[in-house]
Amino acid sequence: MEYFCYHRDRAGSVALREKLVEEHWSYMDRYAARLIARGPTFAADGETPSGSVHIVDLPDAAAARAFAFDEPNHQAGVYRDVLLRRWRDMLGRTMWQFPGRETDGDQYLVLGLGPEGTDRVTDLAPPSDRDGLIAFGPLLSDDATTWVGTAALVRAADPDGARAVLRPHAYAETEVRAWEFGGRR
């Protein structure tokens with residue numbers, strides 16, 4: 001089962017995050033074979049870390065919760081909240097298999113949250129132009145039967161270009177953050 005995990009940083013936690021970087025990476029090393037994508041998000045200045053994205057294949061919801069909440073930065077208080085959702089890989093690859101990984105360009109996390117209630121529109125299909133898609137898939141309810149949004153990692157010229165991977169008017173709220181490929185350097 002695939003899960004999308006987005007830890008959002010607490011204000012003022014950069015020094016603590018930097019202190020724990022090796023603990024974070026060592027923790028993630030344990031999941032290396034299960035990771036579909038990973039990497040930090042950044043504030044509007046493009047330099048200050050604002051969160052951490054992990055898309056991971058785990059056996060069940062209990063394992064996903066353990067992955068998200070046992071993470072060292074979370075345990076130490078770096079993160080203010082965690083978005084943990086079932087997810088479905090619509091591209092059938094990991095970020096390491098993204099054909100444009102070594103090319104220049106900005107990368108973004110695009111997170112679209114669907115409207116509540118009966119006017120919910122299911123948005124499962126990736127856009128026809130997949131050249132900039134690093135990862136793309138629906139956010140789903142715990143039992144994977146209800147679409148609640150979409151999460152994508154995208155290479156694009158700017159935030160508006162990244163946002164364009166989602167269908168206009170299908171979302172109650174859309175968040176776009178600068179993102180980069182994560183892992184050990």
Side-chain angles (χ1 to χ4, degrees), residues 3-29 31-32 35-56 68 71-85 87 89-91 93-113 126-127 129-137 139 149-168 170-185:
Y3 291 87
F4 174 85
C5 181
Y6 180 28
H7 292 95
R8 290 181 178 99
D9 285 12
R10 183 180 312 281
S13 66
V14 172
L16 181 56
R17 176 191 259 269
E18 290 171 354
K19 178 181 171 186
L20 295 170
V21 71
E22 181 55 38
E23 288 180 56
H24 168 77
W25 285 347
S26 293
Y27 181 81
M28 290 302 154
D29 287 346
Y31 294 93
L35 286 167
I36 296 166
R38 68 181 287 188
T41 60
F42 297 93
D45 66 8
E47 294 181 19
T48 305
S50 65
S52 193
V53 172
H54 296 91
I55 303 173
V56 61
E71 193 277 336
N73 286 340
H74 179 76
Q75 289 292 309
V78 170
Y79 303 130
R80 71 175 164 97
D81 61 53
V82 179
L83 172 63
L84 181 62
R85 280 282 174 206
W87 189 77
D89 180 2
M90 300 304 288
L91 302 178
R93 66 172 186 237
T94 70
M95 73 177 200
W96 295 275
Q97 297 165 318
F98 173 60
R101 184 176 164 130
E102 301 304 322
T103 61
D104 290 333
D106 294 330
Q107 292 117 197
Y108 299 92
L109 163 66
V110 182
L111 188 59
L113 302 178
D129 179 9
R130 296 181 178 201
D131 289 348
L133 294 181
I134 299 163
F136 186 95
L139 299 170
T150 302
L153 300 172
V154 180
R155 174 159 289 142
D158 55 43
D160 289 335
R163 186 183 314 274
V165 304
L166 299 183
R167 289 187 314 141
Y171 298 91
E173 182 179 334
T174 304
E175 179 179 346
V176 178
R177 292 274 183 181
W179 172 86
E180 71 180 28
F181 290 96
R184 293 189 182 277
R185 288 160 178 69

* To do: Would you give the length of the straight line joining atom CD of Glu175 to atom CZ of Arg8, rounded to the nearest 0.5 angstrom?
  => 4.5 Å
* Heavy-atom check, side chain of Tyr79 versus side chain of Arg17, under 4.5 Å -> yes
* Check whether any side-chain heavy atom of Thr41 lies under 4.5 Å from a side-chain heavy atom of Asp9, and answer yes or no. => no
* **Side chain proximity check, Thr94 to Gln97, heavy atoms < 4.5 angstrom** => yes
* **Nearest atoms (heavy-atom pairs only) where Ile134 meets Trp179** => CD1-CZ3, 3.8 Å
* Side-chain heavy-atom pair Tyr6, Val82 within 4.5 angstrom cut-off -> no
* Does any non-hydrogen side-chain atom of Tyr171 lie less than 4.5 Å from one of Arg163? -> no
* For residues Trp96 and Ala37, report the shortest heavy-atom separation together with the two atoms involved. => CZ3-N, 4.2 Å
* To do: Could you grab the distance from atom CZ of Arg10 to atom CG of Leu16, nearest 0.5 Å is fine?
  => 10.0 Å
* Measure the spacing between CZ of Phe4 and CG of Leu109 and express it to the nearest 0.5 Å. => 5.0 Å
* Are any side-chain N or O atoms of Asp89 and backbone N or O atoms of Arg93, one a donor and one an acceptor, separated by less than 3.5 Å? -> yes
* To do: Decide yes or no for Met95 and Gln107: does some side-chain heavy atom of the first lie under 4.5 Å from some side-chain heavy atom of the second?
  => no
* **Euclidean distance, Trp87 CH2 relative to Leu139 CG, rounded to 0.5 Å** => 9.0 Å
* Quick one: salt bridge (Lys or Arg N to Asp or Glu O under 4.0 Å) partners of Glu22, sequence neighbours excluded? -> Arg184
* Could you please spell out the steps behind the side-chain contact (heavy atoms from CB on, under 4.5 Å) verdict for Arg130 and Phe136? => CA-CA 9 Å; Arg130 296 181 178 201; Phe136 186 95; over 6 Å; no
* Any side-chain heavy atom of His54 sitting closer than 4.5 Å to one from Tyr31? -> no
* Closest non-hydrogen atom pair, Pro40 against Gly182 -> CD-CA, 4.1 Å
* Structure fact -> Closest heavy-atom pair, Leu20 versus Ala76, reported as atoms and distance to 0.1 Å, is CD1-CB, 3.4 Å
* To do: Quick one: pull up CG in Leu83 and CG in Leu111 and give me the separation to the nearest 0.5 Å.
  => 6.0 Å
* Asked: Do Asn73 and Tyr27 come within less than 4.5 Å of each other through their side chains, counting heavy atoms only?
  -> no
* **Distance, nearest 0.5 Å, that separates NE2 of His74 from NE2 of His24** => 13.5 Å
* Structure fact -> Note: Cys5 and Ala68 closest approach over all heavy atoms is SG-CB, 3.7 Å
* Closest non-hydrogen atom pair, Tyr108 against Ala157 -> OH-O, 4.2 Å
